[in-house]
Amino acid sequence: MIPMTSSGPKAFAELGLSEPVLRALADCGYTEPTPIQLAAIPLVSAKRDVLATAQTGTGKTAAFMLPVIDDIAGRPKYPGDTPLALVLAPTRELALQIDENVRAYGKYVRTRTAVLLGGVNSGPQIDKLKRGVDVVIATPGRLIDLVKQGAVTLADVEFLILDEADRMLDLGFVHDVRWIADRVPRPRQTLCFSATVSPAVRSLASTMQVDAQVVSVAPPAAVADHLDQQVMFVQRAHKLDLLIDLLNENKDGRTLVFTATKVAAITVARQLDLRGLKVGAIHANKTQGQRQAALEAFVKGKVDVLVATDIVARGIDVDDITHVINYELPELAENYVHRIGRTARAGRGGIAIALCGIEDVPQLRGIERLLKEELPVRDDHRWHSEEVMACLAASERAARQRAKAGRMRGSRSKWAR
Ligand code: AMP
């Protein structure tokens with residue numbers, strides 16, 4: 001008897017997944033499919049190519065992997081370096097997370113995985129491949145190296161999965177992805193997941209897929225309902241003091257702090273450490289081992305605060321993050337949505353606080369435009385700056401005037417016609 005509830009609109013059992021996979025999902029505590037799983041699983045099971053708009057945090061990994069795990073489970077276990085499924089991920093963090101999920105979902109069918117990542121010694125990865133592998137999860141660069149060395153063969157791959165395709169393009173992996181896709185034989189099933197489907201993503205997908213079904217479950221700027229967003233106006237010189245006050249107020253919480261640059265991440269982490277806070281840091285200067293260690297310390301509660309740059313804004317998936325503090329606002333408004341999506345996960349509540357100085361005003365306006373709402377202002381702190389607030393008001397006024405002037409020019413030209 002599978003302890004799977006039939007509550008909710010549809011249970012996993014109704015999606016045609018096999019009993020061992022359902023049992024693994026029950027172990028994970030999943031009671032019903034998420035919207036992306038409901039939409040994508042039947043299509044993937046029906047062997048369709050799928051182009052899906054879904055962010056990390058929506059349950060997309062299970063959406064693409066469950067039917068694949070199920071399919072592979074029925075096959076003989078081939079020895080050696082010939083995977084049946086290949087998942088490409090843009091970052092190491094995401095690749096490791098996918099691997100963890102695949103192993104959890106496939107634990108009763110003994111899905112064999114190998115993760116191929118750059119920045120670490122390839123020896124253990126090659127050994128793992130030699131022992132036999134069903135699913136390879138890889139970042140593009142390392143995979144290409146290992147294909148060229150003959151350590152992995154793509155000739156038997158039947159499922160090609162591209163995760164976070166938009167990020168893959170942002171990071172300049174387009175040629176690598178094409179190179180890899182050209183070496184995966186057809187016919188095959190190609191699944192492409194992306195937080196946003198831009199024309200560039202669509203164009204890349206169209207070269208890899210055949211008659212893809214398009215699935216979209218959440219608009220790119222969707223923010224969880226139970227996420228409490230706040231903005232605090234503060235002079236740059238007082239940001240650290242305000243951050244420390246906030247962390248002291250939330251001693252029982254688990255807080256992720258985002259900075260715009262690695263230099264800022266290093267400085268903030270050091271300052272917090274000097275003040276006796278238990279803090280870790282993840283940024284581009286850290287090695288893969290250091291990043292993993294920092295993440296694990298955060299997951300296990302050995303550190304209460306993790307300071308990070310946007311390299312983890314999408315990949316990180318830690319339960320119970322109570323607060324996301326944007327120490328500096330991101331250049332790209334969409335990254336704000338990714339950052340705050342690290343809290344209020346899986347139905348829990350969460351608080352996202354934006355610390356806005358004068359230098360962050362343009363970014364705040366971009367974020368509010370994207371979200372189509374103004375973030376609630378919290379001024380009940382000793383570092384509140386009326387000057388920053390006035391700067392925002394002036395910037396909004398200027399924008400309104402520009403828009404009005406544009407409308408007038410438009411109406412004059414109409415008169416002229
Ligand atoms: P993903 O979008 O794949 O990164 O998944 C985000 C988080 O949701 C992960 O922690 C998953 O373990 C979790 N998750 C995925 N599917 C479900 C589900 N059906 N019910 C509850 N949690 C889920």
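Every number for a ligand or one of its atoms is a count from 1 in the order of the listing. FYI, the numbering just counts along the sequence from 1.
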Undergrad: Can you spot which of I36, D166, V197 makes a side chain to side chain contact (heavy atoms under 4.5 Å, CB included) with T53?
TA: V197
Undergrad: Got an N/O contact under 3.5 Å between Q97 and ligand 1?
TA: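 Checking ligand 1 against Q97, no N or O pair falls under 3.5 Å apart.
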Undergrad: N/O to N/O below 3.5 Å, does that happen between K60 and ligand 1?
TA: yes
Undergrad: Without hydrogens or angle criteria, can the side chains of D134 and T111 be said to hold a donor-acceptor pair below 3.5 Å?
TA: no
Undergrad: Between the side chains of Q189 and E158, does any donor sit under 3.5 Å from an acceptor?
TA: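 No pair is found: no donor N or O on one side chain lies under 3.5 Å from an acceptor on the other.
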Undergrad: State the atoms of ligand 1, each with its element, that fall below the 4.0 Å cut-off from a heavy-atom position in E32.
TA: 18 (C), 19 (N), 20 (N)
Undergrad: Which ligand 1 atoms does F12 reach within 4.0 Å, using its non-hydrogen atoms?
TA: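 The list of qualifying atoms is 19 (N).
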Undergrad: Using a 4.0 Å cut-off to any heavy atom of T61, which atoms of ligand 1 qualify?
TA: 1 (P), 3 (O), 4 (O)
Undergrad: Not counting sequence neighbours, which residues clear side-chain hydrogen bond (donor to acceptor under 3.5 Å, both in side chains) with K128? List them please.
TA: none
Undergrad: I'd like to check the side-chain hydrogen bond (donor to acceptor under 3.5 Å, both in side chains) partners of E249; sequence neighbours left out, ordered by chain and number.
TA: none
Undergrad: G29 versus ligand 1: do any nitrogen or oxygen atoms come within less than 3.5 Å of each other?
TA: no
Undergrad: Is the distance from the ring center of Y327 to that of F258 below 6.0 Å?
TA: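 They do not qualify: ring centres at least 6.0 Å apart.
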Undergrad: Would you check the N or O atoms of Q37, main chain and side chain alike, for any that come under 3.5 Å of an N or O of ligand 1?
TA: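 N/O-N/O distance below 3.5 Å exists for this pair.
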